[in-house]
K.L.:
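Starting off with a structure, shown below.
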Protein chains: 2
Amino acid sequence: MALGDLERSVMDLLWDRPGPHTANEVRDTLAGDLAVTTVLTVLSRLEKKGLVQRDGGRRPHRYGAVSSREDHTVGLLNEVLGSVPDRQAVLARFLGGIGPDEAAAVRRLLED
Amino acid sequence: MALGDLERSVMDLLWDRPGPHTANEVRDTLAGDLAVTTVLTVLSRLEKKGLVQRDGGRRPHRYGAVSSREDHTVGLLNEVLGSVPDRQAVLARFLGGIGPDEAAAVRRLLED
DNA sequence: GACATATTCTACAGCACGTAGAAAAGAAGG
DNA sequence: CCTTCTTTTCTACGTGCTGTAGAATATGTC
């Protein structure tokens, strides 16, 4: 599920700042001057997409990211890789394109 | 630039079959019963997106993919990775999630 | 030139997203 | 309990993208 610009900004905010947030906090932290209802709409859509979870126990409700930015991004990577018949071939081209420093890092990451 | 379902089908077709194709060939190969104009519209949009190139020398025009499916997909991967502040952290989680066989393949791919 | 074929223009419906007002629901204080 | 403030939900609209294709135009063939 692709994200729009504002949805993305909200997710970035939730990822960057720890803990659950109220809609008003999100609005105050976001750039620009949005209405709270706008933020609430976006948060609801993100919730429906499974990216945000809401604590609706007490008011105001608190919102937080369901998974980390890294896990979410890995999901995107696998989605992209799933759209292709030869995953290996793509990885080959990808690895061929990364710099030597990053290649070393990848090698290091594979020790386990 | 994200692709719609039909756009994706057309790209898959151009990637799977070699050589440039006419709009009619594309239409005949695609599932469903689309009008040629539909196919032409999609091909034009894909051309505008830089994914398809057209040989408009003789009629009917011939269309082909600009880059391989693998190169295009690598571009998508890098786009996804570019949206994140810590690329390395995402790669770490990604590599942690792949199977041992694929990890071995990646290791092998890094020999060069 | 008449006819067949191919391409471009124009158009529209559906959907996702940014955006927010109006209405409803809940809290808080007197 | 009644009023008032805050928060949430409903509803709505403009825009841009995509699937879809007819109408109009251009090009090739005989």
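Just so you know, these numbers come straight off a predicted model, no measurement behind them.
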K.L.:
Roughly how many Å is it from CZ in A/Arg27 to P in D/dT6, rounded to a whole number?
P.N.:
11 Å
K.L.:
For C/dT8, take OP1 and OP2 only and decide whether either is under 4.0 Å from a side-chain N or O of B/Lys48.
P.N.:
no
K.L.:
I'd like to know if B/Glu7 pairs up with B/Lys49 as an ion pair, taking the criterion as any Lys NZ or Arg NE/NH1/NH2 lying under 4.0 Å from an Asp or Glu carboxylate oxygen.
P.N.:
yes
K.L.:
Taking the nucleotide of DNA chain C with the nearest heavy atom to each, does A/Arg59 or A/Asp33 sit closer to the 5' end?
P.N.:
A/Asp33
K.L.:
For B/Arg58 and C/dT7, give me the distance from atom CZ to atom P, rounded to whole Å.
P.N.:
12 Å
K.L.:
Whether A/His61 contacts D/dT8 is assessed here as follows: a side-chain N or O lying under 4.0 Å from the phosphate OP1 or OP2. Is that the case?
P.N.:
yes
K.L.:
Donor-acceptor pair, B/Arg93 side chain versus A/Val74 backbone, under 3.5 Å?
P.N.:
no
K.L.:
Hey, is the side chain of B/Thr41 pairing donor to acceptor with the base of D/dA21 inside 3.5 Å?
P.N.:
yes
K.L.:
For D/dT9, take OP1 and OP2 only and decide whether either is under 4.0 Å from a side-chain N or O of A/Arg54.
P.N.:
yes
K.L.:
Quick one: B/Leu43 CG to D/dT20 P, roughly how many Å, whole number?
P.N.:
14 Å
K.L.:
Tell me the interatomic distance from A/Asp5, atom CG, to D/dT15, atom P, rounded to whole angstroms.
P.N.:
17 Å
K.L.:
Take the protein atom CG of A/Leu30 and the nucleotide atom P of C/dT19, then report the distance between them rounded to whole Å.
P.N.:
10 Å
K.L.:
What is the separation between atom CZ on B/Arg8 and atom C1' on D/dG19, rounded to the nearest whole Å?
P.N.:
17 Å
K.L.:
Can you list the steps and then say if A/Leu34 with A/Val42 is a side-chain contact (heavy atoms from CB on, under 4.5 Å)?
P.N.:
CA-CA 11 Å; A/Leu34 297 171; A/Val42 169; over 6 Å; no
K.L.:
Relative to the 5' end of DNA chain C, which residue comes earlier, B/Ala23 or A/Val39, by the nucleotide with the nearest heavy atom?
P.N.:
B/Ala23
K.L.:
Does C/dA20 have OP1 or OP2 under 4.0 Å away from a side-chain N or O of A/Thr38?
P.N.:
yes
K.L.:
What is the distance from NE2 of B/His21 to C1' of C/dA6, rounded to the nearest Å?
P.N.:
18 Å
K.L.:
Ignoring hydrogens and angles, are the base of D/dG19 and the side chain of B/Arg45 linked by a donor-acceptor pair under 3.5 Å?
P.N.:
yes
K.L.:
Any side-chain N or O of A/Asn24 below 4.0 angstrom from OP1/OP2 of D/dT7?
P.N.:
yes
K.L.:
Rounding to a whole Å, what distance do you find between A/Leu40:CG and C/dA25:P?
P.N.:
16 Å
K.L.:
Using heavy-atom distances to pick each residue's nearest nucleotide on DNA chain D, tell me which of B/Lys49 and B/Leu34 is more 5'.
P.N.:
B/Lys49
K.L.:
Among C/dG21, C/dC17, D/dA21, which is the nearest nucleotide to the side chain of A/Glu7?
P.N.:
C/dC17
K.L.:
Please determine if A/Glu25 and A/Arg17 form a salt bridge, counting it only when a charged side-chain N lies under 4.0 Å from a carboxylate O.
P.N.:
no
K.L.:
Do A/Arg54 side-chain atoms and A/Glu47 backbone N/O form a donor-acceptor pair below 3.5 Å?
P.N.:
no
